[in-house]
Amino acid sequence: MTLPSDLKDRFPLLSQMVHGHQIVYLDSAASSQKPASVIDAMNNYYRTINANVHRGAYEIAAQATEEMEQARTRIATFIGSDSPNEVVFTKNATESFNLIARSWGGNALSQGDAVLITDMEHHANIVPWQILSAEKGFEIRWLPLTPEGLLDLSHLDQLLDGVKMVSITAMSNVLGTLNPVAEIAERAHAAGALVAVDGSQYVPHLPTDVQELNADLLCFTGHKMCGPTGIGVLWGREEILDSMPPFLGGGEMILDVRRDGFTPNELPHKFEAGTPPIAEIIGLGAAVDFLSSLGMDNIRQHEITLTDYALRSLKDRYGEELVIHGPSDPAQRGGVVSLQYRDIHPHDLSQVLDQRGICIRAGHHCAKPLMKELGVGATSRASFYLYNNEADVDALVDSLELAGELFSV
Amino acid sequence: MTLPSDLKDRFPLLSQMVHGHQIVYLDSAASSQKPASVIDAMNNYYRTINANVHRGAYEIAAQATEEMEQARTRIATFIGSDSPNEVVFTKNATESFNLIARSWGGNALSQGDAVLITDMEHHANIVPWQILSAEKGFEIRWLPLTPEGLLDLSHLDQLLDGVKMVSITAMSNVLGTLNPVAEIAERAHAAGALVAVDGSQYVPHLPTDVQELNADLLCFTGHKMCGPTGIGVLWGREEILDSMPPFLGGGEMILDVRRDGFTPNELPHKFEAGTPPIAEIIGLGAAVDFLSSLGMDNIRQHEITLTDYALRSLKDRYGEELVIHGPSDPAQRGGVVSLQYRDIHPHDLSQVLDQRGICIRAGHHCAKPLMKELGVGATSRASFYLYNNEADVDALVDSLELAGELFSV
Amino acid sequence: MSGLEELYKEIILDHYRNPRHRGELDCPPAHKSEGFNPLCGDEVSLTFEIEDGSIKQLRITGQGCSISQASASMMAAAVQDKSIEDVRMLSREFKAMMSIHEETMAAADQETVSAASLTLGDLEALKGVVKFPVRIKCATLSWNTLLTGLDDLDG
Amino acid sequence: MSGLEELYKEIILDHYRNPRHRGELDCPPAHKSEGFNPLCGDEVSLTFEIEDGSIKQLRITGQGCSISQASASMMAAAVQDKSIEDVRMLSREFKAMMSIHEETMAAADQETVSAASLTLGDLEALKGVVKFPVRIKCATLSWNTLLTGLDDLDG
Ligand SMILES: Cc1ncc(COP(=O)(O)O)c(C=O)c1O
Ligand SMILES: Cc1ncc(COP(=O)(O)O)c(C=O)c1O
């Protein structure tokens, strides 16, 4: 099965003109565009059933609660979770990691312990540990990369010694690398560590099954998977979430509040303090419906094909003038292509491409330790999603030439 | 100046039918309805400029950043702040309080210190302090109420002894009481304490000037002020926010990340980890424009008139059968009316009213310590906003009679 | 009034205003179980004594809406002197009336229920709740609290 | 190409590829100031020596896009041997060209600027940046870093 060819039509933004060109959006790793069905789901919520949830006995409050909780159930199913109680809503993947670090780590970690992350992590999976480590004094250990940008597992078992948590990305937002999460998780579990997975780039693009991933905790973010801003997810095995103390305090997350203390609510509400992002949860539910209707297998296949085409086109046309980071086999990577073209700085390249309506990202992609490993300050990154096609890749490839001309003076 | 009489037409939800009746929405203290202009602003964002902010050099990313930062500036102006750098976006007021407790309190509070809150606080301004207090061992002190439901300031100076933070609501979400924040702040400052204000019920309904309030920190939430879900605000004086360590760690909130640590970003980004709620910030900007176009003074006047009308109508019709909590003078309170009608439990009352399309809230309103002071388990609460009118009040008053009949068997 | 009269039947209001079996037994020998509906804040606290596998005494305290309190009062009357087995069956039958079909309620179980031919009796008065789905949790609060208490006996 | 040629003038690319005054001076006697553009990660680090109220030497390290690095290089050439006063004026004139009108730049100041008749010279080549608002911060990064460094002298 392939994806329908008219997918762009379902995304209102993709018909926008930029500087006289129809937009070519190649920055989905930063944030994806939204199908009309997702935008409409939120509109409908605001226009017909908007009300605060969980505490209202009247009709629209009951409907809002029902829609929100149904979305939770569908999101749980989407990632192969046993129970909607394992799906905690946060504001983004970053908050999900802070929740893990503060709530799980604040309880479990102290001097002498270690947390293992990798050299390709996003700041969201680095800084929360650094903040906590400054308080608790545990060690942060880094799993290194091979020259091709894969995780180097040759010393994994040594590195796991004394580690209580392995927190790794399933897919790099810079290199595109897909990591062997299940294998690492097996070895981590054998060493007595828990495994948290950054699914921010993975869940939107590949079929996800938390059981197969062998993960204990999984973080992802709505806006990269056709959903709205302002919504993230923390999935966790029920017994692990149960063992963690609350993170933020306030309404909804309590069963009782007395002057001398409070009794936390049950999962998942224990971790959802205050009025939840109701419209955003409903929007993310619609996004998951949209993705499921296309089929995650088909999306993955489409992206492999497109990435393969892009890697070949770029190499064929520019050869040695171009450095492409990360693994060369499209089956080992997602649709993220970080490149360096001649001596043109990424910021300049992205500026030039913008004049043709082509959106790529330039910068450190919130992965400064990785930039240091790669020996660069920034990369230019094009990233693909279900709505991109070969014409988009052609536009990218052609426009590099323009940049080359401008900089050949 | 009075408000336009056709305001209901600007709120799509208010033309909904519920159980065969046009909806009468009297639960704005829980969450307000949204004008079309706010819904449209978010639509427009998603349909025309959706892109991740702050790190994109291309056109729509620049526009998204610009729109978001302009919204920040307008929100700063709306509350009389000197600078947009003082406006930090969170996911709701609850997160704002957790930020204060964890970041300011985690740094400043230890055994022997005290935080003063009041008997009428929402759980959002109780539980974060309780969580921190369990770690740090400081004392939480409670400012009591008078029988009418005003703050009892007669022992304030004694209570302030040893207090480092006074954290109080500007308006009770149960009693409607408006508190003398500026006066308390003056005395708190004289005693060397900072003052955090819960503006969740105040900012949506009264002209707000942080300078006049004499506050150091102010929390409020978007969904109660015609804005979307998923967005809250923490305002703070620049020098106080500057002195506070970061709260959540991740992208956006850093200037640099190295293996051995990170350098935080400047205000306000220091406190905004991860992809911000971009659409929601733009939506809140549109909400603030909408409120400003009506005039906060006019909104306040409208609500005084309506509350006065409601209090009189209810008393005239039901006399002793009805208990109304909180101050009797409409000038001392906002448009929140908590009541007890005969022996009918609030949950039952709200169920009966729902059959006529009338939405009121029943419960503890996330203020369990206050419920205990009032000696009730729950109240029925009707709350008004700019779109309510005397016909809505009449519907409420009439329908109590129906409930009375049902329960007279 | 779309079912409101059916919801607020006279017998329900009577149990609400004159709850049966109010009070608290000494623990031990009695067992205690507390339930809580976060939606509306309804609370039920049960104390009960078990003798020869049957509920000998059961007392209730708590606060909440007419449905939750009347349901608790009716339950107290219904389970008095019943075997734990029968109480469990009765609770399934009650929940089935509330349109709650538990996964654990296999076909075989259902037969058993009808075989035992336990009648809901007064409890039938709560049938009107089904039309108001948000209130089902109110009606089942006391039953779930009792089941939790019985489960804890084995635990 | 809507202004791209005007942005990427030959002289700018020349400064980008062959930056002038690269390096670092010993501190002390030199002073150091570091600047950072969180948007794109551009960095500039300046070391400079002050003698008799003038900038005697100035050296630059850093990394970033052509605009930020060329601007730094051009600035280094432009401020060499200028008095702090003149450097401040030049920076105001440069920012004015970048369409940045600072509140502190009162009418009186503006007169002074023209009176001093400092010419931007090569710096004029950066005028094309104005058409690309997101890049203005790149062009002004080194200037702001220098101004911070000069402010710190007084502090
Ligand atoms: C007085 C008061 N404070 C805080 C809050 C918390 O707001 P949110 O749930 O949006 O965080 C509310 C509303 O629920 C409130 O009424
Ligand atoms: C790999 C990875 N992890 C985490 C994040 C953080 O997501 P968010 O900014 O939505 O919290 C991102 C995206 O920015 C990412 O690419």
Side-chain angles (χ1 to χ4, degrees), chain A residues 12-13 16 18 27 30-31 33-34 39 43 46-48 50-52 55-60 91-95 98 123-124 126-128 130-131 142 221 223 228-230 248-251 254 256-257 259 261-262 273-275 277-280 347 350-351 354 359 361-363 366 368-369, chain B residues 12-13 16 18 27 30-31 33-34 39 43 46-48 50-52 55-60 91-95 97-98 123-124 126-128 130-131 142 223 228-230 248-251 254 256-257 259 261-262 273-275 277-280 347 350-351 354 359 361-363 366 368-369:
Chain A
L13 186 134
Q16 284 291 305
V18 172
D27 195 20
S31 199
Q33 295 307 329
K34 325 299 174 201
I39 303 175
N43 277 346
Y46 283 127
R47 300 177 82 97
T48 63
N50 171 70
N52 214 329
R55 281 163 301 163
Y58 54 84
E59 184 66 22
I60 61 169
K91 65 177 174 177
N92 52 27
T94 303
E95 188 191 351
N98 280 275
H123 295 163
I126 302 174
V127 183
Q130 291 182 329
I131 292 178
W142 303 71
T221 197
H223 65 95
T229 55
L248 305 181
I254 55 93
D256 193 21
V257 177
R259 289 208 187 186
F262 68 95
T275 303
I278 308 169
E280 292 76 6
H347 205 189
S350 131
Q351 175 81 62
D354 178 51
C359 310
R361 187 135 304 225
C366 295
K368 290 203 101 184
Chain B
L13 186 134
Q16 284 291 305
V18 172
D27 195 20
S31 198
Q33 295 306 328
K34 326 300 174 201
I39 302 174
N43 278 345
Y46 283 125
R47 300 178 81 96
T48 63
N50 172 69
N52 214 328
R55 284 161 301 163
Y58 54 85
E59 183 66 21
I60 61 168
K91 65 177 174 180
N92 52 27
T94 303
E95 188 191 351
F97 274 109
N98 281 275
H123 295 162
I126 300 174
V127 183
Q130 291 181 329
I131 293 177
W142 302 73
H223 66 95
T229 54
L248 305 181
I254 57 93
D256 194 20
V257 177
R259 288 208 189 187
F262 68 94
T275 302
I278 309 170
E280 291 78 5
H347 205 189
S350 133
Q351 174 82 61
D354 178 50
C359 310
R361 189 137 301 228
C366 295
K368 289 202 99 182

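Bear in mind that the values here come from a model prediction, so they are computed numbers and not experimental data. A note on names: the letters A, B, ... follow the listed sequences, proteins ahead of strands, and every chain is numbered from 1.
- Of the listed residues (A/Gly261, A/Pro369, A/Ala93), the greatest number of heavy-atom pairs within a distance under 4.5 Å of chain B belongs to A/Gly261.
- Here the side chains of B/Lys91 and A/Leu248 are in contact, with some heavy-atom distance below 4.5 Å.
- Tested against A/Ile60, the residues B/Leu13, B/Asp354, B/Asp27 include a single side chain to side chain contact (heavy atoms under 4.5 Å, CB included) partner, B/Leu13.
- Side-chain contact between B/His223 and A/Asn52 is present, with heavy atoms from C-beta onward closer than 4.5 Å.
- Of all the listed residues (A/Ile39, A/Ile254, A/Thr221, A/Thr48), the one sharing the greatest number of non-hydrogen pairs under 4.5 Å with chain B is A/Thr48.
- Between chain B and the residues A/Ala124, A/Ser31, A/Gly230, the most heavy-atom pairs under 4.5 angstrom are made by A/Gly230.
- Closest heavy-atom contact between B/Cys366 and A/Gly251: SG-CA, 3.8 Å.
- Of the two parts of A/Glu59, the backbone and the side chain both hold a non-hydrogen atom closer than 4.5 Å to a non-hydrogen atom of chain B.
- Between the OH atom in B/Tyr58 and the CD atom in A/Gln351 there is a gap of 13.0 Å [rounded to 0.5 Å].
- Most heavy-atom pairs under 4.5 Å with chain B, from the set A/Asn50, A/Ile278, A/Val18: that is A/Asn50.
- Atom-to-atom distance recorded for A/Lys34:NZ and B/Arg47:CZ is 14.0 Å, nearest 0.5 angstrom.
- With respect to chain B, the highest number of heavy-atom pairs below 4.5 Å among A/Thr229, A/Val127, A/Thr94 belongs to A/Thr229.
- The candidate from B/Ala279, B/Ala51, B/Pro228, B/Pro12 with the greatest count of non-hydrogen atom pairs under 4.5 Å with chain A is B/Pro12.
- Of all heavy-atom pairs spanning A/Pro128 and B/Gly249, the tightest one is CG-O, 3.5 Å.
- Both the backbone and the side chain of A/Val257 have a heavy atom closer than 4.5 Å to some heavy atom of chain B.
- Within the model, atoms CD of A/Gln130 and CZ of B/Arg259 stand 11.0 Å from one another, a figure rounded to the nearest 0.5 Å.
- Separating the OG1 atom in B/Thr275 from the CD atom in A/Glu95 is a distance of 13.0 Å, to the nearest 0.5 Å.
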